[in-house]
Number of protein chains: 2
Amino acid sequence: MERKIKSELIAGKLAEYEQLTKIYDDIVQDVKPRLTVEGQGKVLLALADEDHLSQSQISSRLEISPQSTGEFVSKLAKRDLVSLSKSEKDRRINLVSLTTKGREEIESSFQEVPKFITVLSNEEMDQFNRLMTKIIAAMYEDIDKANPTLGVKFHKLLANRYLKQYKK
Amino acid sequence: MERKIKSELIAGKLAEYEQLTKIYDDIVQDVKPRLTVEGQGKVLLALADEDHLSQSQISSRLEISPQSTGEFVSKLAKRDLVSLSKSEKDRRINLVSLTTKGREEIESSFQEVPKFITVLSNEEMDQFNRLMTKIIAAMYEDIDKANPTLGVKFHKLLANRYLKQYKK
DNA sequence: ACATTTAATCAGGGGCCCTTGATTATTATT
DNA sequence: AATAATAATCAAGGGCCCCTGATTAAATGT
């Protein structure tokens with residue numbers, strides 16, 4: 001089989017997997033909504049990386065508007081996942097900090113291991129892990145090459161968190 | 001390494017991959033938005049599977065409300081991806097059909113092969129394909145076991161489309 | 001002291017994916 | 001013929017993720 005066909009086949013599998021996880025989560029697995037690199041999840045991940053940030057720091061790190069930042073922060077505060085406090089050094093600044101509940105939210109979102117993974121043998125798991133590692137590394141490379149601005153680097157930090165979680 | 005840890009590691013990789021594709025698509029790859037099993041994409045996939053459906057057929061197949069169906073169909077029509085016609089057999093019925101543009105939209109959404117896949121060797125591609133196939137099959141199994149209603153079966157048909165595309 | 005900049009909020013908007021309730025027109029059943 | 005069921009639309013609403021423009025308060029620069 002030609003190399004082009006193989007890569008197309010894999011692209012299809014990955015796409016299929018991606019859509020299936022949505023259905024899987026809806027129907028099979030009563031999972032907590034995952035943290036995503038979107039909206040409120042973005043802010044949570046930013047704070048997981050460095051707590052006690054001002055809103056404008058969050059805004060520039062995530063490359064989203066201050067108003068969007070304020071909105072997401074406000075929603076997170078409403079859910080008691082973050083707390084707000086005026087900075088003593090600068091009364092304009094609102095410091096955003098994770099609450100215990102917020103920290104737990106982040107930790108627990110990484111704890112779900114989908115059942116379907118257990119269909120693999122031990123050896124297959126090793127293989128899969130190695131291949132996924134390779135793919136992910138290539139993705140990071142492409143991302144950095146395309147746009148090495150602060151925002152992207154930050155995105156990289158965010159995503160790296162998944163990895164750190166499982167190194168122990 | 002213990003089996004539990006391995007599966008956790010893989011869960012983490014998959015989660016990381018999933019979030020990274022969002023960033024990858026945003027930054028690296030100027031891709032067409034993918035068809036998803038959500039909203040308008042759902043309707044397109046339904047029509048790809050069987051064209052010329054009534055809105056209420058779509059509604060029941062996708063297990064969404066008639067009003068949502070109408071909304072998505074209307075949006076797709078606005079984008080010239082579907083055309084509407086009153087059924088001659090029953091004047092209540094609006095038949096929804098893919099336009100040429102709609103068909104092209106669907107086809108082209110499967111054509112993008114992300115560059116990062118090419119980091120794998122031929123052998124690795126075979127391995128990865130085999131492992132993904134196994135995982136996806138397990139997912140389908142779980143999905144069917146959990147809820148074998150018509151809607152779910154339909155979702156399965158939708159997702160199967162990715163596979164069919166690459167069998168040739 | 002005044003002008004400029006910065007941080008956050010308010011006002012308002014858009015898009016997308018969903019929902020419930022009500023209405024109108026058409027078809028099927030009694 | 002009258003009633004009940006069906007198909008689609010209209011009205012209205014909500015949530016989430018985003019945005020631009022304007023305003024207010026605090027800090028910094030001249």
Side-chain angles (χ1 to χ4, degrees), chain A residues 19 22-23 25-27 32-46 52-79 81-97 105 151 155 158, chain B residues 19 22-23 25-27 32-46 52-79 81-97 105 151 155 158:
Chain A
Q19 300 311 317
K22 286 173 187 167
I23 303 172
D25 285 352
D26 280 351
I27 292 173
K32 297 183 73 62
R34 303 181 195 204
L35 280 195
T36 69
V37 285
E38 277 173 336
Q40 292 170 57
K42 244 184 182 176
V43 175
L44 276 183
L45 287 167
H52 316 297
L53 296 173
S54 74
Q55 285 181 209
S56 61
Q57 279 175 315
I58 293 172
S59 170
S60 60
R61 289 190 184 193
L62 298 182
E63 288 185 3
I64 55 175
S65 73
Q67 292 90 335
S68 290
T69 306
E71 184 183 317
F72 302 150
V73 164
S74 173
K75 280 169 180 168
L76 288 169
K78 197 162 188 182
R79 291 161 61 197
L81 300 182
V82 301
S83 62
L84 304 177
S85 52
K86 286 288 180 186
S87 164
E88 289 184 354
K89 290 185 190 175
D90 185 335
R91 307 297 299 169
R92 296 174 299 183
I93 283 176
N94 240 350
L95 281 179
V96 187
S97 311
E105 177 86 5
H155 282 174
L158 296 190
Chain B
Q19 299 310 316
K22 285 174 188 166
I23 304 172
D25 286 351
D26 280 352
I27 293 173
K32 299 180 73 60
R34 304 182 195 202
L35 281 192
T36 69
V37 285
E38 277 174 335
Q40 294 171 56
K42 246 186 182 175
V43 174
L44 276 182
L45 287 167
H52 316 297
L53 296 171
S54 74
Q55 285 181 211
S56 61
Q57 279 176 316
I58 293 171
S59 170
S60 61
R61 289 190 185 192
L62 298 183
E63 288 186 5
I64 55 176
S65 74
Q67 292 89 336
S68 289
T69 306
E71 185 183 315
F72 302 152
V73 163
S74 173
K75 281 170 182 170
L76 289 169
K78 198 163 188 179
R79 290 162 63 197
L81 300 181
V82 302
S83 62
L84 304 177
S85 53
K86 286 286 180 184
S87 162
E88 290 182 354
K89 291 183 187 175
D90 185 335
R91 305 297 299 169
R92 293 175 299 184
I93 284 176
N94 240 350
L95 281 179
V96 188
S97 312
E105 176 86 3
H155 281 176
L158 296 190

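Quick note on labels: first sequence line is chain A, next is B, and so on, each numbered from 1. Since we're looking at a predicted model, the values are computed, not measured. The analysis underlying the following values was restricted to heavy atoms, covering all of them including side chains, and did not include hydrogens, waters or symmetry mates.
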Rounded off to whole Å, could you give me the [atom1]-to-[atom2] distance for the [X] and [N] pair?
X: A/K22; N: C/dC18; atom1: NZ; atom2: P; value: 10 Å
X: B/N94; N: C/dA25; atom1: CG; atom2: C1'; value: 13 Å
X: A/Q57; N: C/dA7; atom1: CD; atom2: C1'; value: 11 Å
X: A/I93; N: C/dT5; atom1: CD1; atom2: P; value: 18 Å
X: A/L53; N: C/dA7; atom1: CG; atom2: P; value: 13 Å

### Query
How is the base pairing of DNA chain C summarised as a dot-bracket string, given the Watson-Crick and G-U wobble criteria with both distances under 3.5 Å, [ ] for crossing and | for another strand?
||||||||||||||||||||||||||||||
### Query
Are OP1 or OP2 of D/dA8 and a side-chain N or O of B/S56 less than 4.0 angstrom apart?
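Yes, such a contact exists.
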Would you please name every residue forming a side-chain contact (heavy atoms from CB on, under 4.5 Å) with [X], sequence neighbours left out?
X: B/R92; result: B/D90
X: B/S59; result: B/P66, B/T69
X: A/Q40; result: A/F72, A/K75, A/L76, A/R79
X: B/Q67; result: B/S65

#### Entry: Reading 5' to 3' through nucleotides 10-23 of chain D, protein heavy-atom contacts under 4.0 Å coded B for base, S for sugar-phosphate only, - for none
B------BBBBBB-
#### Entry: Residue pair B/I93 / B/K86, side-chain heavy-atom distance below 4.5 Å
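The answer is no, as the side chains (C-beta and beyond) never meet within the 4.5 Å cut-off.
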### Task
Decide yes or no for B/L84 and B/L95: does some side-chain heavy atom of the first lie under 4.5 Å from some side-chain heavy atom of the second?
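Counting from C-beta outward, B/L84 and B/L95 never come under 4.5 Å.
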### Message
Run the side chain to side chain donor-acceptor pair (under 3.5 Å) test against A/S97 and tell me which residues pass, sequence neighbours left out.
### Response
A/H52
### Task
May I ask you to list the residues of residues 83-92 of chain A, by number, that have any heavy atom positioned under 4.0 Å from an atom of DNA chain C?
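DNA chain C contact set from residues 83-92 of chain A: A/R92.
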### Query
Are the side chain of A/Q19 and the backbone of B/V37 linked by a donor-acceptor contact shorter than 3.5 Å?
yes
### Query
Which atoms form the tightest heavy-atom contact between A/I64 and A/K42, and what is the distance?
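Of all heavy-atom pairs spanning A/I64 and A/K42, the closest is CG2-NZ, 3.8 Å.
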### Task
Determine the minimum heavy-atom distance between B/A46 and B/L53, stating which atoms define it.
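Smallest heavy-atom distance, with atoms named: O-CD1, 4.1 Å.
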### Query
Looking at OG of B/S54 and CG of B/N94, how far apart are the two atoms once the value is rounded to the nearest 0.5 Å?
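Reported to 0.5 Å precision, the distance equals 9.0 Å.
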### Task
Using a 4.0 Å heavy-atom cut-off across all strands, classify B/S54 as base, sugar-phosphate, or nothing.
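Contact class for B/S54: sugar-phosphate only.
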